[in-house]
Structure formats: C-alpha cells, structure tokens
Amino acid sequence: MASQQYSMTSQDGRVQSMFNRVTRSYDRVNALMTLGHHAQWCREVARRADLAVKGRLLDIATGTGEIALAARRRYPGAEIFGVDFSENMLEEARQKRGAENIEWEFADAHQLRFEDEFFDAVTHGYLLRNVSDVERVLREQYRVLKPGGRVVVLETSPPRGLLKLVLSAGMSVVLPLLGQLIAKDRQAYTYLKSSTLGFMTPAEVARVMEHVGFYGVDWSTKYLGTNVIMWGHKP
C-alpha cells in the first residue's frame with residue numbers, strides 16, 4: 001500500500017538546495033571531519049545490513065553513494081538501490097567505480113515509490129537529522145521492508161557533558177571554516193553544525209524506531225560519541 005501524499009516543506013527545500021551546492025566537496029569534507037573514519041563506518045553499515053546472497057537493499061539519502069557502493073562490494077549478488085533527493089549528489093555517485101551495478105533514483109525519503117515489503121534491508125547515512133518528519137520517514141522504511149528485514153542507520157549524535165562544550169566550540173569554528181575553504185559555502189556547513197548539535201540522542205531515535213514497529217533496536221557510538229550506527233528489525 002502506497003503512503004499518503006507528502007508535500008515538500010520549506011525546510012526540505014532548503015536542505016535539498018544545500019546538498020545540491022556542496023556535492024563536489026562533500027566526500028572530502030566528510031573525510032576531514034571524521035579523520036578518515038567515514039568510509040569505515042559506511043562499510044560497517046553495509047555489513048550490519050546482513051543481506052542474503054540474492055537480497056535487495058535500499059540505501060536512502062545515498063548522497064555520493066558510499067554506503068550503496070560498500071554494499072555492492074560486500075554483496076555482489078544482491079540488488080542495490082541508491083536514492084536521494086539531490087540530483088547533483090546522484091550524478092556524482094553515478095561516476096564512481098562500480099556505480100553501473102546500482103540502481104540510482106531520485107526520491108524523497110518521506111514518500112518512497114516502492115511497494116510494501118519490497119526490500120530485505122534499508123540503510124541510510126545522515127538522513128534523519130535533515131528531514132522534516134523523522135517518524136514518517138521511519139514509517140516509510142518500515143513499510144518497504146520485508147518481515148524480518150533490517151534497517152541500519154548512520155547518524156550524528158549530539159555530544160554530552162563536558163565533551164559537549166569542547167566539541168560544540170570546536171565545531172562552531174571548524175565546520176564553517178571547512179565550508180568556506182573547501183566548499184566555498186560557509187552557510188551550508190554552519191547548517192550542518194547546528195543540525196548535528198541540535199539532533200536527537202540515539203536513545204530518542206531508538207524510541208521513535210520502536211514506536212513505528214522496529215524491535216531489537218540497538219546502537220554503537222563512534223568518534224567520541226558524535227556519530228552513531230543504529231539498527232533494528234521488522235517483525
């Protein structure tokens with residue numbers, strides 16, 4: 001059963017425009033911000049998807065395709081779909097080695113065109129902090145997953161305690177500076193700083209995941225707790 005019609009909000013439009021602008025610098029800034037760990041986390045997301053030999057995986061907010069390509073390498077017999085609502089990001093992904101063996105599509109995570117129970121696994125990286133309706137987006141993922149399917153999430157996590165003061169101050173300086181020097185777009189990376197620090201904790205995301213029906217929700221924090229990989233199953 002298809003989801004109810006969704007109309008893009010002004011927030012969605014601003015985020016879409018921002019990602020269209022920073023496409024060429026996106027991978028480089030991610031690598032710098034995570035001291036090279038981002039690619040490793042993407043491989044872990046693909047591994048935790050635990051896809052069967054002939055399984056079908058949907059990577060939402062695929063961006064430049066890091067998770068989808070990691071899944072392609074790990075599961076050579078699987079069917080991999082990478083979707084995003086930034087056409088510029090998709091075009092960048094299509095240029096990468098191995099991209100010809102992935103189905104790349106434009107899509108809004110709030111309203112997926114796929115049938116119910118179509119995928120064995122759903123993955124995404126840094127999606128939830130950028131959408132206007134987290135619960136709806138997770139409900140769409142639940143809808144398109146087969147029973148027994150798994151969702152695996154790479155997301156930012158707001159630092160806590162004394163670490164929050166140090167990292168918040170550092171991010172307030174470093175992220176906009178990287179945006180200015182590398183992407184020539186200080187505003188975009190100022191937004192990324194605020195969306196990171198203002199996003200939900202893993203426990204709060206887990207409660208939403210459980211509310212929409214996922215079970216066995218758990219997570220592993222990364223990089224001083226500023227990033228997290230989460231997972232859950234559809235009964």
Side-chain angles (χ1 to χ4, degrees), residues 1-20 45 48-49 56-63 65 67-68 71 80-90 93 103-158 191-192 194-219 227-235:
M1 182 175 65
S3 60
Q4 294 181 344
Q5 189 67 29
Y6 176 83
S7 298
M8 184 182 290
T9 67
S10 58
Q11 175 190 334
D12 298 327
R14 287 192 298 272
V15 172
Q16 183 183 54
S17 175
M18 180 200 69
F19 280 110
N20 277 329
V45 169
R48 288 187 180 277
R56 188 182 285 148
L57 179 144
L58 173 65
D59 184 46
I60 310 175
T62 195
I67 293 174
I80 310 293
F81 291 73
V83 304
D84 202 285
F85 80 156
S86 166
E87 288 283 12
N88 288 355
M89 286 286 189
L90 287 169
E103 297 290 332
W104 305 102
E105 294 186 18
F106 178 89
D108 186 334
H110 295 88
Q111 186 169 4
L112 301 170
R113 64 114 180 141
F114 302 102
E115 299 173 1
D116 293 0
E117 301 181 358
F118 191 71
F119 292 99
D120 299 284
V122 171
T123 58
H124 48 92
Y126 307 125
L127 165 67
L128 299 180
R129 70 175 186 181
N130 290 311
V131 301
S132 55
D133 191 336
V134 170
E135 182 174 329
R136 180 185 175 111
V137 165
L138 287 169
R139 285 192 184 282
E140 275 291 270
Q141 294 168 31
Y142 187 89
R143 179 182 68 78
V144 301
L145 268 176
K146 295 177 182 179
R150 171 174 283 213
V151 61
V152 189
V153 178
L154 171 61
E155 198 44 88
T156 56
S157 175
Y191 160 78
L192 290 175
S194 61
S195 67
T196 297
L197 297 177
F199 189 58
M200 295 185 286
T201 65
E204 289 169 333
V205 175
R207 284 195 289 272
V208 181
M209 292 175 68
E210 290 166 348
H211 178 67
V212 305
F214 291 108
Y215 78 97
V217 177
D218 206 349
W219 63 86
N227 285 256
V228 62
I229 295 178
M230 305 186 66
W231 56 88
H233 294 81
K234 180 175 179 176

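Keep in mind that what you see is a predicted model, and the values were worked out from it rather than measured.
Rounding to the nearest 0.5 Å places CG of N88 at 9.5 Å from CD of Q16. Atom CZ of F85 sits about 7.5 Å away from atom CZ of F106, to the nearest 0.5 Å. To the nearest 0.5 Å, atoms CD1 (I60) and CG (L112) are separated by 5.0 Å. Put simply, CZ on F199 and CG on L128 are 5.0 Å apart, with the number rounded to the nearest 0.5 Å. Rounding to the nearest 0.5 Å gives a distance of 12.0 Å between CG of N130 and NE2 of H124. For the atom pair CZ (F81) and OG1 (T62), the distance works out to 12.5 Å, reported to the nearest 0.5 Å.
Under the 4.5 Å side-chain criterion, counting only non-hydrogen atoms from C-beta, F119 is not in contact with L57. You'll find the side chain of N227 reaches within 4.5 Å of the side chain of Y126, heavy atoms only. F114 is listed as a side-chain neighbour of V83, based on a closest heavy-atom distance under 4.5 Å.
Taking all atoms of both residues into account, the shortest heavy-atom contact from I67 to G125 is CD1-N, 3.8 Å. Here the closest heavy-atom approach between residue G63 and residue D84 is recorded as N-OD2, 2.7 Å. When every heavy atom of K234 is checked against every heavy atom of Y142, the shortest pair comes out as NZ-O, 2.8 Å. The shortest non-hydrogen separation linking G148 to H233 is O-CD2, 4.2 Å. When all heavy atoms of D59 and A68 are compared, the closest pair comes out as OD2-N, 3.5 Å. Residues T156 and V228 share a closest heavy-atom pair of O-CG1, 4.2 Å.
S157 is linked by a side-chain hydrogen bond (donor to acceptor under 3.5 Å, both in side chains) to nothing, counting only residues two or more places apart in sequence or in another chain.
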N/O donor to acceptor pairs below 3.5 angstrom from side-chain atoms of residues 205-215, sequence neighbours left out:
none

Residue pair E204, V134: steps toward the side-chain contact (heavy atoms from CB on, under 4.5 Å) verdict: CA-CA 11 Å; E204 289 169 333; V134 170; over 6 Å; no

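A salt bridge does not link R136 to E140: none of the charged nitrogens lies less than 4.0 Å from a carboxylate oxygen.
Listed by first then second residue, pairs satisfying salt bridge (charged side-chain N to carboxylate O under 4.0 Å, His left out) with a partner in residues 146-158 read D120-K146, not counting sequence neighbours.
In terms of modelled atom types and a separation under 3.5 Å, the side chain of Q111 and the main chain of D108 share no donor-acceptor contact.
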